[in-house]
Amino acid sequence: MCNKDIREYANKRNVRLWQIASKLGINDGNFSRKLRIELSEEKKAEIRVIIDELAAGQ
């Protein structure tokens, strides 16, 4: 599975993929499709920051 590390990171912090998509300004379906192909380390780092922000806000 591609981007398994991102999916697990979000799951451990109780953050849903639709929340990440919303923060990125894209549709949750589009974000799920994006995750089908392995993301660059730079994009993963950006998403991890968003996950941390969302987890801190809960």
Side-chain angles (χ1 to χ4, degrees):
M1 176 187 296
C2 291
N3 299 300
K4 187 174 182 181
D5 54 334
I6 292 294
R7 296 171 195 268
E8 289 175 354
Y9 192 76
N11 192 33
K12 287 179 185 176
R13 282 152 186 81
N14 206 23
V15 173
R16 305 291 171 242
L17 295 180
W18 67 265
Q19 293 173 301
I20 301 167
S22 178
K23 194 83 162 166
L24 287 170
I26 61 175
N27 180 288
D28 61 329
N30 290 341
F31 182 63
S32 292
R33 279 190 287 280
K34 249 184 183 317
L35 292 178
R36 293 179 188 171
I37 299 171
E38 198 66 33
L39 298 171
S40 68
E41 285 305 316
E42 295 81 22
K43 191 65 175 174
K44 285 183 179 187
E46 177 186 343
I47 292 171
R48 283 188 195 101
V49 169
I50 291 171
I51 292 169
D52 290 338
E53 289 172 356
L54 288 167
Q58 291 182 0

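Annotation: the span from I51 atom CD1 to R16 atom CZ amounts to 11.5 Å, rounded to 0.5 Å. Summarising the geometry, atom CG belonging to N30 is positioned 11.0 Å from atom CG belonging to L24; distances are rounded to the nearest 0.5 Å. Atom-to-atom distance recorded for R7:CZ and M1:CE is 5.5 Å, nearest 0.5 angstrom. The CD atom of E46 lies 13.0 Å from the CD atom of E41; values are rounded to the nearest 0.5 Å. Rounding to the nearest 0.5 Å places CD1 of I47 at 5.0 Å from CG of L39. For the atom pair N3 CG and K34 NZ, the distance stands at 10.5 Å (nearest 0.5 Å).
Under the 4.5 Å side-chain heavy-atom criterion for Ile, Leu, Val, Met, Phe, Trp and Tyr, V15 and W18 are members of distinct hydrophobic clusters.
Proximity of a side-chain donor or acceptor of S32 to a complementary backbone N or O of D28 within less than 3.5 Å is detected.
Side-chain contact between K43 and I6 is absent, with no heavy atoms from C-beta onward closer than 4.5 Å. Counting heavy atoms from C-beta on, the side chains of I20 and L17 come closer than 4.5 Å.
The pair K44-E38 counts as a salt bridge, with a side-chain nitrogen and a carboxylate oxygen less than 4.0 angstrom apart.
A pairwise comparison of heavy atoms in R13 and D52 identifies NE-OD1, 3.6 Å as the closest pair.
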